[in-house]
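Remarks on the structure that follows.
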Amino acid sequence: MSVGLMLVIIAGAIVLIVKRFMGEPVDARDTFVTPLILVGIGVYSVTKVEDLSGIDIVWLVIGGVVGIAFGAVRGTTTVLFERDGHLWQRYTVKTLVVWGASVATGFGVSVLGATMGMHHDAKPITLSIGIGMLGEMLTLGLRALSTGVPFAPDKKAAARSNTYGQRQEDNSYLDRFLNNLGHPGSAQPRDRDFDPSPPRDWSDQNHSASAEARYDNRAYREQPRSDRSPTLRDGLDWLNRARDRRS
């Protein structure tokens, strides 16, 4: 990896962490689709490596397990809350600790792999990032789905709305998939002159209104407590309910 690319990755990671410490909307595409795309690109790059050996495969699997594990843990440390009618996330100190531990562990695995004869090109950076995001998707995604709160407005739908001057009511394929699971999907883009409601943080014990008051659809009525950020247990409970509804 070139020094320039390394600096770009470090700068991008710093910007991402700072933004999420301040609070950032949870986008459905970024949460569920981007990790799969990055992993796909990474796997394709690995298939193009010449003289790929069994050692490369073994250390790829080890690195993948480590990356998914740390990503999954990282996804349990963020705070989820509702603002402006859709879901937001905020990093915590625990998240930063997990980030640091995952980077150190990943570096150690890479060094050990290189010592054992792993090819440098056999572990592309897109695969490493994608695997970590995939692990985070498993836990953060479940927690987000368990809230029943819409994800942030789709960026492409918002762009179309601004371009054509009208709201796009048609759902994307991802929203339709989420609707089938009993989740409202992404929120509709807001009008520019709309006065957003004040933030509503689940970590604040003063806000205890149930999700039933926010959604009329019966499929959205089974929600976790709204006076705290949802846990992985809430996500697993939601998954069981969704499975029961489909059976």
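The first residue in the sequence is number 1, and the count goes up from there.
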**Prompt:** Between the main-chain N or O of W238 and the side-chain N or O of D234, is there a donor-acceptor pair closer than 3.5 Å?
**Reply:** no
**Complete:** Here the pair of heavy atoms bringing K123 nearest to S110 is NZ-OG, 3.4 Å
**Prompt:** Testing V46, I41, I129, V49 for side-chain contact (heavy atoms from CB on, under 4.5 Å) with P124, which one passes?
**Reply:** V46
**Prompt:** Do W88 side-chain atoms and R83 backbone N/O form a donor-acceptor pair below 3.5 Å?
**Reply:** yes
**Prompt:** Which heavy atom of E136 sits nearest a heavy atom of G75, and at what distance?
**Reply:** CG-CA, 3.9 Å
**Any donor-acceptor N/O pair, H183 side chain to V149 backbone, under 3.5 Å** = yes
**Spatial distance of atom CG (L140) from atom CZ (R74) [nearest 0.5 Å]** = 9.5 Å
**Complete:** Tightest non-hydrogen contact, residues L80 and Q89, listed as CD2-CB, 3.8 Å
**Rounded distance [0.5 Å steps], CD1 in I68 versus CG in L138** = 7.0 Å
**Prompt:** Is there a side-chain contact between T34 and M133, using heavy atoms and a 4.5 Å cut-off?
**Reply:** yes
**Prompt:** Is F21 atom CZ crowded by more than 12 heavy atoms from other residues, nucleotides or ligands, each under 6.0 Å away?
**Reply:** yes
**Request:** Please examine the side chains of Y91 and W99, heavy atoms only from C-beta on, and report whether any two atoms are closer than 4.5 Å.
**Result:** yes
**Asked** Are V111 and V58 connected, step by step, through hydrophobic side chains (Ile, Leu, Val, Met, Phe, Trp, Tyr) whose heavy atoms are closer than 4.5 Å?
**Response** no
**Message:** Contact between P153 and Q188 at the side-chain level, heavy atoms closer than 4.5 Å - yes or no?
**Reply:** no
**Prompt:** Would you say the side chain of I62 lies within less than 4.5 Å of the side chain of W59, judging by non-hydrogen atoms?
**Reply:** yes
**Request:** Please examine the side chains of I131 and V66, heavy atoms only from C-beta on, and report whether any two atoms are closer than 4.5 Å.
**Result:** no
**Prompt:** Do the side chain of T147 and the main chain of A144 share a donor and acceptor less than 3.5 angstrom apart?
**Reply:** yes
**Asked** So if you build clusters from Ile, Leu, Val, Met, Phe, Trp, Tyr with side-chain heavy-atom gaps below 4.5 Å, do V93 and I14 land together?
**Response** no
**Common cluster, I57/L112, ILVMFWY with side-chain heavy-atom separation under 4.5 Å** = yes
**Prompt:** Side chain of R143, backbone of T78: donor and acceptor closer than 3.5 Å?
**Reply:** yes
**Item:** Interatomic distance, L142 atom CG to T231 atom OG1 [nearest 0.5 angstrom]
**Value:** 11.0 Å
**Message:** What verdict does the side-chain contact (heavy atoms from CB on, under 4.5 Å) test give for L38 and L127, after you've listed the backbone C-alpha separation in whole Å, the side-chain angles of each residue and the deciding distance to 0.1 Å?
**Reply:** CA-CA 6 Å; L38 289 175; L127 183 60; over 6 Å; no
**Asked** Any side-chain donor paired with an acceptor under 3.5 Å for R233 and S146?
**Response** no
**Asked** Does any non-hydrogen side-chain atom of P184 lie less than 4.5 Å from one of P150?
**Response** yes
**Asked** Mind checking whether V39 and Y44 sit in one hydrophobic cluster, side chains of I, L, V, M, F, W, Y counted as touching below 4.5 Å?
**Response** no
**Request:** Kindly indicate, with the supporting measurements, whether the criterion salt bridge (Lys or Arg N to Asp or Glu O under 4.0 Å) is fulfilled by R241 and D237.
**Result:** CA-CA 6 Å; R241 293 195 298 268; D237 289 342; 5.3 Å; no
**Request:** Indicate whether any N or O donor in one side chain lies under 3.5 Å from an N or O acceptor in the other, for R90 and S229.
**Result:** no
**Asked** Going by atom types only, do T92 and T95 share a side-chain donor-acceptor pair under 3.5 Å?
**Response** yes
**Message:** The test is side-chain contact (heavy atoms from CB on, under 4.5 Å); show your working for M118 and L60 and say whether it passes.
**Reply:** CA-CA 9 Å; M118 180 181 183; L60 275 174; 4.0 Å; yes
**Request:** Group every Ile, Leu, Val, Met, Phe, Trp and Tyr by side-chain heavy-atom contacts under 4.5 Å, then state whether V18 and V97 land in the same group.
**Result:** no
**Request:** Please name the pair of heavy atoms, one in H119 and one in D51, separated by the smallest distance, quoted to 0.1 Å.
**Result:** CE1-O, 3.1 Å
**Complete:** Tightest non-hydrogen contact, residues L178 and A28, listed as CD1-CB, 4.3 Å
**Message:** Donor-acceptor pair, distance only, cut-off 3.5 Å: does the side chain of N180 make one with the backbone of F177?
**Reply:** no
**Request:** For the residue pair F151 and F32, categorise the inter-ring angle as parallel (less than 30°), tilted (30 to 60°) or perpendicular (more than 60°).
**Result:** perpendicular
**Asked** Under the 3.5 angstrom rule, does the side chain of D56 hit a backbone N or O of S53 as a donor-acceptor pair?
**Response** yes
**Complete:** Nearest heavy-atom contact between P25 and A152 is CB-CB, 3.5 Å
